[in-house]
Structures are given as structure tokens and as C-alpha cells.
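In what follows, a single structure is set out as C-alpha cells and then discussed.
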Amino acid sequence: MSKPKINVYWFRKALRLHDNAPLLEASKSKHPLLPIFILDPLFLPDTRADYDDELASGALAGENQFQFLMECLQDLNENLKSMNSQLCVFLAQNPEEVFEQILKEFDVDSLYYEKDSEPYANERDAKIENLFKENSTKTVSAWGQTLTDLDEIKSHFKKTPKVYRSFMKVMGNHGDEIIVKPCEAVKSVPCLPKNLGNLQIFDGIPTMKEIGFPKKHEHTPFFGGETAALERMEKKLADKKWIAKFEKPKTSPATLEASTTVLSPYFALGCLSVRLFHFKVQKVYESQKSHAKPPMSLHGQLYFREWFYYLSYTIPNFHQMKGNPLCLQVDWDHNKEFIEKWHHGQTGFPWIDAIMRKLRQEGWIHHLARHSAACFLTRGQLWQNWEEGKKIFAMYLLDGDYALNSANWMWLSASAFFNSYYRVYGTESFPKKYDKSAKMVRKYCPELAKFPDKYIYCPWEAPKSVQKMAGCVIGEDYPDRIVDEKTAKQENMAKMKAAYKRKIRGNPNSVELKKRGEKRKEAPKVERKTKKKRFGKKKSKAD
DNA sequence: ACTACCGTTGTACAC
DNA sequence: CGTGTACAACGGTAG
């Protein structure tokens with residue numbers, strides 16, 4: 001009996017039907033199409049502690065992003081259903097297992113997927129490519145998470161573009177050729193294979209509970225999915241003047257309603273195409289008399305993203321200080337108490353605490369709020385390694401993204417790209433520029449809500465009588481400051497100066513590159529337990 | 001080798 | 001209120 005011939009589209013990111021070139025190609029084939037998504041345990045919450053390296057390399061989503069991801073899958077499934085297909089979700093120990101199942105059941109003509117630049121993905125995909133090669137099966141993949149083809153643009157750079165400007169030079173000179181035009185949306189797909197045989201497909205899209213998130217998760221203000229993404233994009237694009245005028249530094253980090261587009265969560269998981277947005281913004285620009293220019297404009301933001309993706313794809317150890325040739329080597333402290341207080345919004349600095357609490361609740365904070373919090377944790381006040389902050393951000397951000405999170409933390413800690421380390425964000429002066437009455441502090445640090453404007457960003461300076469009147473005594477109802485801002489700033493600046501004098505950047509050759517999976521072998525117990533708990537329920541094969 | 005210039009998004013204070 | 005300047009001063013790039 002010969003095996004049925006099919007194609008497989010593998011969704012990982014690119015959780016969309018629009019501007020998805022490999023999916024479009026698959027949709028034009030005459031063979032049945034199996035659209036799959038594989039949830040491997042590296043995505044799951046309770047493996048996080050054991051997989052620190054994988055978290056660093058981008059495999060894991062935090063709870064907020066995970067919920068968002070599930071909504072993307074639901075939306076995708078709905079859209080596929082309306083085309084008489086469906087998304088087939090696999091809960092499996094690793095993707096190889098799934099493809100072995102598929103190859104056993106079917107004669108796969110081609111495997112289609114969008115390329116992914118993260119180290120975790122590179123390794124995963126290399127294994128799968130290998131498996132298909134051994135099986136003499138064709139694979140079709142393309143870049144789509146970025147504006148350009150990251151392999152192709154390599155040839156345009158003689159050396160690493162270490163400043164935005166040199167990256168932009170290439171974009172400026174070759175933009176028309178290297179920025180890929182969006183392709184048409186998929187409107188129909190071939191039917192599913194008639195018989196799914198013994199494939200161990202999860203029934204529908206797993207809920208947070210089914211996957212093992214312990215308690216009910218408070219939803220962020222943002223809902224995942226391609227449908228929501230396109231809606232949001234169109235809504236923003238409708239205000240043409242706003243689009244044309246947009247300059248990032250002129251937007252406020254202190255408003256309750258987001259002052260920017262908040263499309264980043266959709267870009268991060270690929271339920272919105274950056275190419276489509278770039279193209280649509282271009283159309284708006286053309287319709288207006290004048291428009292903002294990079295680096296501040298919306299296009300400028302996309303080019304920053306592109307630059308960081310390119311760097312993260314080509315620079316070794318991009319996610320850490322050690323062995324990262326771009327990253328200044330700094331003798332950061334490791335003070336667990338500081339890190340935890342920063343993490344939980346308990347530093348005693350209302351502006352910082354409000355930012356961190358908002359981040360945890362809502363999964364999105366303004367770019368400059370991220371700057372403020374990141375500067376505070378690293379070179380500004382607490383002198384902690386940026387990697388710690390990056391990991392904590394990754395746990396809560398809806399737009400958590402390997403390339404962008406790493407790059408921005410290096411930027412803010414003045415470890416790379418940016419070196420004016422003497423420019424330190426104040427916890428009072430900075431937010432005051434945007435909002436003297438501190439709406440954000442009053443909302444996210446409600447214990448401080450009754451303080452008068454004069455003391456809202458510096459409640460410790462309020463006389464006891466004022467504190468009592470506000471119903472909030474500092475040190476009792478709200479924490480006292482964990483450092484003295486001025487002293488810490490001065491000390492840290494001096495340390496930063498010394499680090500710059502040493503001029504040491506990471507040496508990739510001096511770092512023993514940990515092989516992925518090593519840790520897994522060291523801790524097989526945890527993994528097996530996880531597998532049973534999670535996956536034993538619906539499936540029978542393992543048991 | 002040297003110099004001049006530039007860099008998306010700071011603060012504090014003088015006027 | 002805005003505008004200008006000192007603060008203390010970096011690395012990358014182009015010439």
C-alpha cells in the first residue's frame with residue numbers, strides 16, 4: 001500500500017495567511033496540505049527554570065506572550081477552518097518526533113516554512129532539514145519575519161554595521177531591491193489529507209489550563225491573532241497625518257493609553273507582516289505633503305528592527321555579555337535582592353515601580369519606559385547585568401523577541417551601540433517632562449495615589465504629615481528607596497568610565513559555547529516528569 | 001595616523 | 001514658560 005502524497009506547512013512564527021510566501025506556494029500545489037504547529041516543552045512555563053539557556057536563545061515565551069500565542073493559533077485555526085482546513089497542533093517532546101510520525105504515515109512531497117533567525121530555531125531547523133534530506137524530501141523556506149532576506153543582505157556589508165547609519169546606508173542604496181514586497185494573501189488552501197492515520201494531533205487548540213499554567217491568568221489589554229493584528233494596523237493607518245508625522249522620541253512613555261502603534265506583539269509572532277506594514281506606511285507617506293524620516297519615523301523603527309535582527313543573526317553570543325564581540329565587558333554586580341525588587345516594582349521609586357508593574361500586568365510598556373527601567377537596573381542605579389533585566393522582560397513582554405530584547409538592553413546599558421553613559425534617566429526629572437501629575441504612578445502604584453503632585457515621584461521627600469494625609473507612610477505602606485539615586489549614579493558613572501577605559505569587548509573564541517541540549521541530558525528527570533504531566537493526558541503512545 | 005563630525009529619545013541650571 | 005549651555009566626553013566612520 002503506497003502512502004498518500006501530501007505537503008506540510010509548518011507554522012512556528014508567521015502565524016498568518018497574508019504575505020506568507022511559502023504558504024502561498026503550498027496553497028497552489030495540487031497535493032493535500034497538512035498545516036501544523038508543534039508545541040514543544042521548551043515553550044512551557046515550568047521548564048523555564050531548567051532551561052535558562054533556551055530562554056536566553058529565544059525558545060520560551062512568558063505567560064503573557066503564551067496566552068497571546070494561543071490566541072494567534074485559535075485565530076489561524078478559525079481562518080483555516082473557513083477554508084475547509086484546520087491547524088493541526090502537536091504536543092511533542094521535540095519537532096523531530098512529529099516529523100518522523102508524519103514521514104511514516106505520508107509520502108511528503110514538500111515541507112514549507114518561514115525561516116527564523118534565532119539560535120534555538122537555527123538548531124531546530126537544521127535537524128529537521130537533515131531529517132528531510134535523509135528522506136529525500138524537498139523543503140521550501142523563505143525569510144518573512146524581516147523586511148529583507150537576512151542571508152542575501154550579508155553580501156552588502158563588508159563589515160558589521162555597528163551604527164544605525166551604516167546599516168541605513170545599505171538600506172538607502174539598495175532598499176528597493178532588498179526590501180521584499182508583500183505577496184498576496186492566501187485565500188484558499190488544499191484540503192487536509194483524507195485520513196490522518198495515527199498522527200497524534202491535539203484536539204483543537206490547547207487552552208492555558210490544558211497546557212499547565214497553574215492559575216487563571218489575568219488577560220492583558222491586547223488580543224493575539226492575525227485578525228486582531230490587521231484590524232489594529234488599519235485603525236492606525238487610517239490616521240494618515242499621525243502616521244506621516246510619527247517620530248518616536250516625541251511620543252510619551254507616561255500615558256495610560258499607548259502613544260505608539262503597539263503592533264510589536266503582532267510582529268514578534270509574525271501574525272502581522274512587517275513588509276505589509278512597511279508598504280502600507282509607504283502608501284500613506286506618498287499621500288501626504290511631507291512625512292517624518294528615519295531614524296525617528298515609523299519606517300525608521302522598522303529599520304532599527306531590521307538592523308537588530310541582522311546583528312543577532314550574524315553576531316555570536318548576541319544574547320549575553322560573555323563572548324559577544326559587540327558587547328562591552330562590565331563588572332556588573334549580582335545582587336538578587338535588587339533584581340527581585342526591580343522585577344516586582346518594589347524599588348521605592350514610583351516611576352520605576354509603576355513601569356514594572358504595568359509591564360507585568362499588561363505585557364506592553366512604551367519604549368522610553370523600557371529605557372527608564374533598563375537604565376535604572378544597569379548603569380544608572382542598581383549596577384546589575386543587563387542579561388538579568390532582559391530575561392525578566394522576556395517573561396512578561398507580549399512582544400518579547402530574541403533580537404530586539406537583547407539589542408535594546410545592550411543599548412540602554414551602554415554596552416553596545418550607545419556610549420553616552422553619562423546620560424542617565426532620572427526617576428523624577430524624566431517622567432515629569434511628560435506628566436507632572438503622574439497618572440501612571442497613581443494607577444499602577446495605587447498606594448501612592450493620594451500624594452500631591454509635588455511628591456508623587458519622590459514620596460520619601462514628603463513630610464510625615466503629608467505621608468499620613470496621603471494614607472501612605474514610606475517604609476511601611478510603600479517601600480523606601482533601595483539606593484540613593486544621586487550617589488549610586490555617581491558611583492556607577494565612575495565604574496562605567498573605567499569599563500570604557502578598559503575597552504574590552506567579548507571574545508567569542510574565549511567562550512566555551514554550550515551545546516544546546518546539554519542541559520537537557522543533565523536533567524532528564526525534570527523533562528520526563530514534565531512530559532508525563534503535560535502530554536500523557538491526551539496521548540497514549542508514550543504510556 | 002590623524003582629525004572632525006556625528007549620534008532617535010539626559011539633567012540641571014542660567015537666563 | 002522656552003532656549004541655551006555645561007556636564008564630562010565615548011566609539012564609529014569618513015576623509
Rounded to whole Å, please give me the gap between [atom1] in [X] and [atom2] in [N].
X: A/R165; N: B/dC6; atom1: CZ; atom2: C1'; answer: 6 Å
X: A/Y457; N: B/dT11; atom1: OH; atom2: P; answer: 12 Å
X: A/K489; N: B/dT11; atom1: NZ; atom2: P; answer: 7 Å
X: A/R379; N: C/dA9; atom1: CZ; atom2: C1'; answer: 14 Å
X: A/F430; N: B/dT9; atom1: CZ; atom2: C1'; answer: 7 Å
X: A/Y421; N: B/dT9; atom1: OH; atom2: C1'; answer: 20 Å
X: A/M493; N: C/dA8; atom1: CE; atom2: C1'; answer: 9 Å
X: A/K432; N: B/dC13; atom1: NZ; atom2: C1'; answer: 15 Å

- Query: So what does A/K433 touch, heavy atoms closer than 4.0 Å: a base, only the sugar-phosphate, or nothing?
  - Reply: sugar-phosphate
- Message: So A/K497, base contact, sugar-phosphate only, or nothing? Heavy-atom distance under 4.0 Å.
- Response: sugar-phosphate
- Query: Quick one, which residues of residues 295-313 of chain A touch DNA chain C with a heavy atom under 4.0 Å?
  - Reply: none
Within-4.5 Å side-chain heavy-atom neighbours: [X] and [Y]:
X: A/W351; Y: A/M440; answer: yes
X: A/I355; Y: A/Y444; answer: no
X: A/M356; Y: A/H344; answer: no
X: A/R505; Y: A/C327; answer: no

- Does anything in residues 392-407 of chain A pair up under salt bridge (Lys or Arg N to Asp or Glu O under 4.0 Å), and if so which pairs, sequence neighbours excluded? A/R370-A/D399
- Sorted by first residue and then second, give each ring-ring contact (aromatic ring centres under 6.0 Å, His included) pair with at least one member in residues 254-279 of chain A; sequence neighbours left out. A/F68-A/Y266, A/F267-A/F277, A/H278-A/H299, A/H278-A/Y303
Rounded [atom1] spacing from [N] to [M] in Å:
N: B/dT11; M: C/dG11; atom1: P; value: 23 Å
N: B/dA1; M: C/dG12; atom1: C1'; value: 16 Å
N: C/dT5; M: C/dA9; atom1: C1'; value: 15 Å

- Query: Do A/E461 and A/K454 sit within salt-bridge range, that is, some charged N less than 4.0 Å from a carboxylate O?
  - Reply: no
- Give a yes or no on whether a salt bridge exists between A/R12 and A/D125, defined as a side-chain N under 4.0 angstrom from a carboxylate O. yes
- Query: Is the side chain of A/D75 donor-acceptor paired with the backbone N or O of A/E71 at a distance under 3.5 Å, no angle test?
  - Reply: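 Checking the backbone N and O of A/E71 against the side chain of A/D75, no donor-acceptor pair under 3.5 Å is found.
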- Task: Could you check which of B/dT11, C/dA8, B/dT9 has an atom nearest any side-chain atom of A/S429?
- Result: B/dT11
- Tell me which nucleotide among B/dG10, B/dT11, B/dT8 gets nearest to the side chain of A/K248.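 The nucleotide sitting nearest to the side chain is B/dT8.
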- Query: What is the minimum heavy-atom distance between A/L398 and A/A268, and which atoms define it?
  - Reply: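 Answer, listing the atom of A/L398 first, then A/A268: O-CB, 4.5 Å.
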Run the side-chain donor-acceptor check on residues 410-426 of chain A: report pairs under 3.5 Å with partners two or more places apart or on a different chain.
residue, atom, partner, partner atom, Å
A/S413, OG, A/W409, O, 2.7
A/S413, OG, A/M410, O, 3.3
A/S413, OG, A/S415, OG, 2.7
A/Y425, OH, A/H371, ND1, 3.0

Got a list of protein N/O to nucleotides 11-15 of chain C N/O distances below 3.5 Å?
residue, atom, partner, partner atom, Å
C/dG11, O4', A/N419, ND2, 2.9
C/dT13, OP1, A/S166, OG, 3.3
C/dA14, OP1, A/K169, NZ, 3.1

- Note on the structure: Interatomic distance, CG@A/L263 vs CD@A/Q301, rounded to 0.5 Å, equals 11.5 Å
- Note on the structure: Listed range with range, the stems formed with DNA chain B by at least 3 consecutive Watson-Crick or G-U pairs (under 3.5 Å) are B:2-7 with C:10-15, B:10-15 with C:2-7
